[in-house]
Structures are given as structure tokens and as C-alpha cells.
Amino acid sequence: MTSAMSIHRLLTVTTQDTAELDALLIDCVEGGASVGFMWPMTSAKAATYWQDVAAKVQRGERLLLVARDHTTIVGTVSLVLEQPENQPHRADLVKMLVHRRARRQGLGAALLTAAEQYARMAGKTLLVLDTASAEAERLYSRQGWQRSGAIPNYALWPDGTPCTTVIYFKLLES
């Protein structure tokens with residue numbers, strides 16, 4: 001990660017944060033990322049999503065990390081902390097997003113490391129995630145995540161084409 005970038009936990013999500021997160025999500029979806037949205041990716045869809053995330057952050061159900069390049073958000077990852085009663089030890093790692101202009105600079109690895117640290121602080125010992133991206137798979141494997149399996153036609157690419165989703169997990173040491 002370049003020295004100009006920094007990772008922060010957002011305890012509240014400001015209007016400026018939401019605007020920057022909107023732009024980040026739109027960039028990733030327009031770039032073809034299968035992260036829950038279809039083309040065309042609109043500002044309204046992005047804003048609705050991040051407003052929901054902001055409410056979950058306020059309620060302590062989700063932890064939101066952002067990476068900034070100078071002052072603009074260029075990456076993010078979330079931990080879904082709120083789990084069923086029989087899974088208090090687990091968190092889901094979701095919406096790992098890195099702006100196309102900020103990729104291949106170590107930002108994804110730095111976001112994963114920070115997410116794992118915050119998960120440990122929250123008492124979590126197991127993280128799980130899913131991905132449809134071969135590039136992301138390489139990152140997760142390099143960071144010590146274990147591939148659990150693949151589910152064909154689990155989700156859609158933004159253009160509507162079915163894609164295989166791969167499930168990963170990581171056991172965290174205390």
C-alpha cells in the first residue's frame with residue numbers, strides 16, 4: 001500500500017463519506033464486479049445501499065473500514081458482526097471494494113489485514129466471505145484464507161450472466 005493511503009474505521013458515516021462510497025461502488029459495478037448490483041448502476045441504488053450500511057454501523061451490527069488516498073475513499077470492506085445466536089464467534093466479510101485506479105498497490109491486502117484485526121478485537125474467531133472474482137481469489141489465498149468450495153450459478157455478473165461464487169473462510173488466532 002502506498003504511503004499516501006490510510007485505513008480508518010467509520011463509526012458514523014457522513015454525507016461526504018456516502019458520496020465517496022457511492023462513487024466507489026459505482027466504479028466497481030461499472031467495472032464488472034459481482035457485488036450484489038446490476039447494470040445500470042445508479043447513484044440512487046448506491047445511496048440507498050450506503051444509507052442502510054450507515055444505519056447498521058450506528059446500531060453496531062456492522063463494522064465499516066475505508067481506505068483513503070489523500071482525502072478520497074478508494075477502498076472499503078465491511079464486517080457483518082450481527083450473527084445468529086449460535087454463531088457469536090463469526091463475522092461475514094462483505095463488500096471488499098477497491099477503486100479501479102487504486103488496484104495493485106497492496107490496498108486489498110491492507111484492508112483484509114485491518115478487517116481481521118478489528119474482527120479479533122470484536123471477539124470473532126472465524127471469518128467467511130464469498131467472491132466471484134479470480135483476482136480476489138488470488139488475494140484471499142495469499143492472505144491465508146481457505147477455499148471451502150464453489151457454487152455454480154450462485155449470482156449474476158452486472159450484465160445478467162450467471163457466475164460461480166467461491167466461499168472462503170479464515171480461522172483467526174487470538
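For this chain, numbers begin at 1 and follow the sequence in order.
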Nearest heavy-atom pair of Ala102 and Met5: which atoms, and what distance? CB-CE, 4.1 Å

Distance-only donor-acceptor hits, side chain of residues 127-134, under 3.5 Å, sequence neighbours excluded:
unit_1, atom_1, unit_2, atom_2, d
Thr131, OG1, Ser133, N, 3.1
Ser133, OG, Glu135, N, 3.3
Ser133, OG, Ala136, N, 3.0

Do Val74 and Leu25 sit in one hydrophobic cluster, given that two such residues count as connected whenever their side-chain heavy atoms are within less than 4.5 Å of each other, even indirectly? no

Any idea which heavy atoms bring Arg103 and Cys28 closest together, and the distance? NH2-SG, 3.7 Å

Rounded to the nearest 0.5 angstrom, the CG-CG distance for Leu24 and Leu97 is 5.0 Å

Salt bridge (charged side-chain N to carboxylate O under 4.0 Å, His left out) filter on Arg142, not counting sequence neighbours, yields none

Once ring pair (Phe, Tyr, Trp, His ring centres under 6.0 Å) is applied, what residue pairs with a partner in residues 115-137 remain, sequence neighbours excluded? none

Residue set satisfying side chain to side chain donor-acceptor pair (under 3.5 Å) with Gln16, at least two apart, ordered chain then number -> Glu20

Quick test of your reading: applying side-chain hydrogen bond (donor to acceptor under 3.5 Å, both in side chains), list the pairs with at least one residue in residues 50-64, sequence neighbours left out, ordered by first then second residue. Tyr49-Arg62, Asp52-Lys56, Arg59-Glu61

Gap between atom CD of Glu116 and atom CH2 of Trp145 - 0.5 Å precision: 6.0 Å

Apply salt bridge (charged side-chain N to carboxylate O under 4.0 Å, His left out) to Lys95 and list each qualifying residue two or more places apart in sequence or on a separate chain. none

Remaining members of Val94's ILVMFWY cluster at a side-chain heavy-atom cut-off under 4.5 Å? Val80

Is there a side-chain contact (heavy atoms from CB on, under 4.5 Å) between Val13 and Val53? Walk through the geometry before answering. CA-CA 9 Å; Val13 183; Val53 169; 5.6 Å; no

Distance check, rounded to the nearest 0.5 Å: Arg9 atom CZ versus Leu79 atom CG? 9.0 Å

Which heavy atom in Ser43 sits nearest to a heavy atom in Asp22, and how many Å separate them? O-OD2, 4.3 Å

Between Ile7 and Thr113, is there a side-chain heavy-atom distance shorter than 4.5 Å? no

Applying the 4.5 Å side-chain criterion to the ILVMFWY set and letting contacts propagate, would Phe37 and Trp39 be lumped into a single cluster? yes

To the nearest 0.5 Å, tell me how far Ile151 CD1 sits from Ile167 CD1. 4.5 Å

Should Tyr140 and Met96 be marked as a side-chain contact (heavy atoms from CB on, under 4.5 Å) after you check the CA-CA gap, both sets of side-chain angles, and the distance that decides it? CA-CA 11 Å; Tyr140 299 135; Met96 171 80 148; 3.7 Å; yes

Please output the side-chain donor-acceptor pairs of residues 152-159 that fall under 3.5 Å, not counting sequence neighbours, one pair per line with the distance.
unit_1, atom_1, unit_2, atom_2, d
Asp159, OD1, Thr161, N, 2.9
Asp159, OD1, Thr161, OG1, 2.9
Asp159, OD2, Thr161, OG1, 3.4

Is it possible for you to say whether Leu65 and Met121 belong to one hydrophobic cluster, with membership spreading through side-chain heavy-atom contacts below 4.5 Å? yes

Which atoms form the tightest heavy-atom contact between Tyr168 and Glu137, and what is the distance? OH-OE1, 2.9 Å

With sequence neighbours excluded, tell me which residues meet side chain to side chain donor-acceptor pair (under 3.5 Å) with Asp17. Thr14, Arg68

So, using salt bridge (charged side-chain N to carboxylate O under 4.0 Å, His left out) as the criterion, who are the partners of Asp27 when residues are at least two apart? Arg100

Closest non-hydrogen atom pair between Pro40 and Lys45, with its separation: O-NZ, 2.9 Å

Are Val98 and Leu139 grouped together when hydrophobic residues (ILVMFWY) are joined by side-chain heavy atoms under 4.5 angstrom apart? yes

Spatial distance of atom CG (Asp92) from atom CG (Leu81) [nearest 0.5 Å]: 9.5 Å

Between Gln143 and Ala109, what is the shortest heavy-atom contact and its length? OE1-CB, 3.6 Å

Look at the side-chain heavy atoms of Ile, Leu, Val, Met, Phe, Trp and Tyr, link any pair under 4.5 Å apart, and say whether Leu63 and Leu111 land in one connected group. yes

First locate atom CD of Glu173, then atom CZ of Arg120, and finally report the distance between them rounded to the nearest 0.5 Å. 7.0 Å

Under the ring pair (Phe, Tyr, Trp, His ring centres under 6.0 Å) definition, can you give me all pairs with a residue in residues 69-110, not counting sequence neighbours? none

Mind checking salt bridge (charged side-chain N to carboxylate O under 4.0 Å, His left out) for Glu30 and listing every partner two or more places apart, or none if nothing turns up? none

